[in-house]
S.K.: 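To start, I am sharing the structure in question, which I have written as structure tokens.
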Amino acid sequence: MLRGISPLLSPQLLETLYRMGHHDEIVLGDAHFPGESCNDTIIRADGLGINDLLDAILPLFVLDHVIEKPVMMMAPLPEDKANPKIAADYQIVHDGYDSIVKKHYPETSPISLVGKYDFYDQTRKAFAVVMTGDTRIYANLILAKGVTTW
């Protein structure tokens with residue numbers, strides 16, 4: 001164990017965060033996300049929710065200030081967004097992520113919503129995918145790393 005680093009961050013995840021360069025992206029995938037189909041670099045974080053993992057990562061990870069969308073979230077399909085329960089649950093997930101991001105980076109641009117299939121395409125270009133145990137639907141998130149001197 002290391003002091004000041006969340007025990008939620010595995011050695012593999014810490015190494016990956018360290019190895020990433022500026023503009024590299026990491027995907028935090030929910031338990032339903034087809035990470036293995038979209039990227040060859042998979043880190044398992046079974047049993048962890050994305051909120052807790054995001055809150056553990058952001059103190060160590062500088063969000064990219066150069067790009068317009070340093071935090072991206074998968075948007076629901078129109079037919080799912082039309083379902084009041086799914087729409088309400090999605091808003092709760094989004095607001096939770098927004099609160100965590102703003103806690104660490106209050107000046108960061110709002111979370112960008114990315115269509116499901118565009119999100120998959122973005123995942124194919126990501127540095128790595130972290131597969132979590134988060135069972136909330138559409139809870140997938142992408143973080144773009146910035147330069148650590150900012």
Side-chain angles (χ1 to χ4, degrees), residues 1-76 80 85-86 88-114 116 118-150:
M1 296 301 300
L2 298 172
R3 295 178 65 181
I5 296 177
S6 171
L8 299 179
L9 302 177
S10 69
Q12 184 185 12
L13 180 52
L14 281 171
E15 176 194 7
T16 300
L17 294 172
Y18 187 82
R19 289 178 40 235
M20 291 173 67
H22 64 283
H23 308 308
D24 278 341
E25 296 174 349
I26 190 162
V27 178
L28 304 181
D30 64 33
H32 313 285
F33 189 70
E36 305 259 352
S37 299
C38 294
N39 196 296
D40 291 333
T41 306
I42 302 297
I43 300 166
R44 300 302 308 190
D46 300 293
L48 298 180
I50 293 175
N51 283 32
D52 292 334
L53 200 54
L54 179 63
D55 202 28
I57 289 171
L58 287 181
L60 307 176
F61 189 96
V62 176
L63 291 174
D64 198 332
H65 76 285
V66 175
I67 66 170
E68 187 178 325
K69 305 175 203 176
V71 182
M72 295 165 267
M73 184 176 176
M74 181 185 282
D80 289 335
K85 169 98 172 90
I86 293 174
D89 289 349
Y90 181 80
Q91 191 63 50
I92 291 168
V93 174
H94 176 277
D95 292 349
Y97 291 164
D98 185 60
S99 175
I100 295 165
V101 170
K102 294 297 183 203
K103 173 177 130 182
H104 296 282
Y105 295 98
E107 303 301 319
T108 297
S109 59
I111 295 171
S112 174
L113 303 183
V114 178
K116 181 177 182 174
D118 290 335
F119 195 97
Y120 291 160
D121 289 342
Q122 194 76 18
T123 299
R124 287 180 180 86
K125 299 182 286 184
F127 193 87
V129 175
V130 180
M131 294 300 302
T132 71
D134 204 319
T135 58
R136 302 172 300 171
I137 62 171
Y138 292 110
N140 307 298
L141 202 60
I142 297 175
L143 304 175
K145 188 176 182 183
V147 177
T148 58
T149 55
W150 289 97

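One-based numbering along the sequence shown. Values below: every heavy atom of this structure, side chains too, minus hydrogens, waters and symmetry copies.
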S.K.: For K125, is there an ion pair with D121 - N to carboxylate O distance below 4.0 angstrom?
M.R.: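 So D121 does not pair with K125 through a salt bridge.
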S.K.: Nearest heavy-atom pair of M20 and F127: which atoms, and what distance?
M.R.: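 Taking M20 first and F127 second, the nearest heavy atoms are CG-CD2, 3.4 Å.
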S.K.: Should I142 and Q122 count as side-chain neighbours, where that means a heavy-atom distance under 4.5 Å?
M.R.: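 Side-chain contact under 4.5 Å: yes.
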S.K.: Any luck finding a side-chain donor-acceptor pair between H104 and D55 under 3.5 Å?
M.R.: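 H104 vs D55: donor-acceptor pair found between side chains.
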S.K.: Measure the shortest side-chain to side-chain distance between I43 and M131 over non-hydrogen atoms and say whether it is less than 4.5 angstrom.
M.R.: no
S.K.: Is a side-chain donor or acceptor of S109 paired with a backbone partner of E68 at a separation under 3.5 angstrom?
M.R.: yes
S.K.: Going by heavy atoms in the side chains, are H94 and I111 under 4.5 Å from each other?
M.R.: yes
S.K.: Say whether, by atom type as modelled, one donor and one acceptor occur between the side chain of D52 and the main chain of G49 under 3.5 angstrom.
M.R.: no
S.K.: Would you compute the distance between atom OG of S10 and atom CD of E15 and round it to the nearest 0.5 angstrom?
M.R.: 9.5 Å
S.K.: Between atom NZ of K145 and atom OH of Y18, what is the distance when rounded to the nearest 0.5 Å?
M.R.: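 Going from NZ on K145 over to OH on Y18, the span is 8.5 Å.
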S.K.: Ignoring hydrogens and angles, tell me if any N or O in the side chain of S99 forms a donor-acceptor pair with the backbone of D95 under 3.5 Å.
M.R.: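 The answer is no, because no donor-acceptor pair under 3.5 Å joins these two groups.
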S.K.: To the nearest 0.5 Å, how far apart are CG in D118 and OG1 in T123?
M.R.: 10.5 Å
S.K.: Do you know the tightest heavy-atom contact between D134 and N51?
M.R.: OD2-N, 4.4 Å
S.K.: To the nearest 0.5 Å, what is the distance between CG (L8) and CG (L53)?
M.R.: 6.5 Å
S.K.: With the side chain counted from C-beta on, respond yes when L14 and L60 share a heavy-atom pair under 4.5 Å apart, and no when they do not.
M.R.: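 Of all side-chain heavy-atom pairs linking L60 with L14, at least one is under 4.5 Å.
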S.K.: Taking C-beta and beyond as the side chain, do D98 and V71 meet within less than 4.5 Å on heavy atoms?
M.R.: no
S.K.: For the atom pair CG (L143) and CE (M72), what is the distance rounded to the nearest 0.5 Å?
M.R.: 8.0 Å
S.K.: State, with a plain yes or no, whether a side-chain heavy atom of I50 is found less than 4.5 Å away from one of Y97.
M.R.: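 In short, these two side chains touch, coming nearer than 4.5 Å.
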S.K.: Surrounding CG of D46 (heavy atoms of other residues, nucleotides or ligands, distance under 6.0 Å), is the total greater than 12?
M.R.: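 More than 12 within 6.0 Å, yes.
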S.K.: Show, in sequence, the C-alpha distance, side-chain angles and deciding distance for F33 and Y120, and conclude whether the side chain to side chain contact (heavy atoms under 4.5 Å, CB included) test is met.
M.R.: CA-CA 9 Å; F33 189 70; Y120 291 160; 3.6 Å; yes
S.K.: Any donor and acceptor pair, going by atom type alone, linking the side chain of K102 with main-chain N or O of T108 inside 3.5 Å?
M.R.: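 A pair under 3.5 Å: yes.
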S.K.: First locate atom CG of L28, then atom CD1 of I57, and finally report the distance between them rounded to the nearest 0.5 Å.
M.R.: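 Here the interatomic distance stands at 5.0 Å.
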S.K.: Does some side-chain heavy atom of V129 sit less than 4.5 Å from a side-chain heavy atom of T41?
M.R.: no
S.K.: I'd like to know if the side chain of T132 reaches the main chain of G29, judged simply by a donor and an acceptor atom lying under 3.5 Å from each other, with no hydrogens or angles considered.
M.R.: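 Yes, because the side chain of T132 sits within donor-acceptor range (under 3.5 Å) of the backbone of G29.
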S.K.: Please tell me whether Y105 and F61 form a close aromatic pair, meaning their ring centres lie under 6.0 Å apart.
M.R.: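 For Y105 and F61, the ring centres are not under 6.0 Å apart.
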S.K.: Could you please spell out the steps behind the side chain to side chain donor-acceptor pair (under 3.5 Å) verdict for D64 and H22?
M.R.: CA-CA 7 Å; D64 198 332; H22 64 283; over 6 Å; no
S.K.: Between the main-chain N or O of A139 and the side-chain N or O of D30, is there a donor-acceptor pair closer than 3.5 Å?
M.R.: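 Checking the backbone N and O of A139 against the side chain of D30, a donor-acceptor pair under 3.5 Å is found.
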S.K.: Would V114 and M73 satisfy side chain to side chain contact (heavy atoms under 4.5 Å, CB included), going step by step from the backbone distance to the final call?
M.R.: CA-CA 6 Å; V114 178; M73 184 176 176; over 6 Å; no
S.K.: So which heavy atom on V130 is nearest to which on A45, and how close?
M.R.: CG1-CB, 3.7 Å
S.K.: Does some side-chain heavy atom of N39 sit less than 4.5 Å from a side-chain heavy atom of V27?
M.R.: no
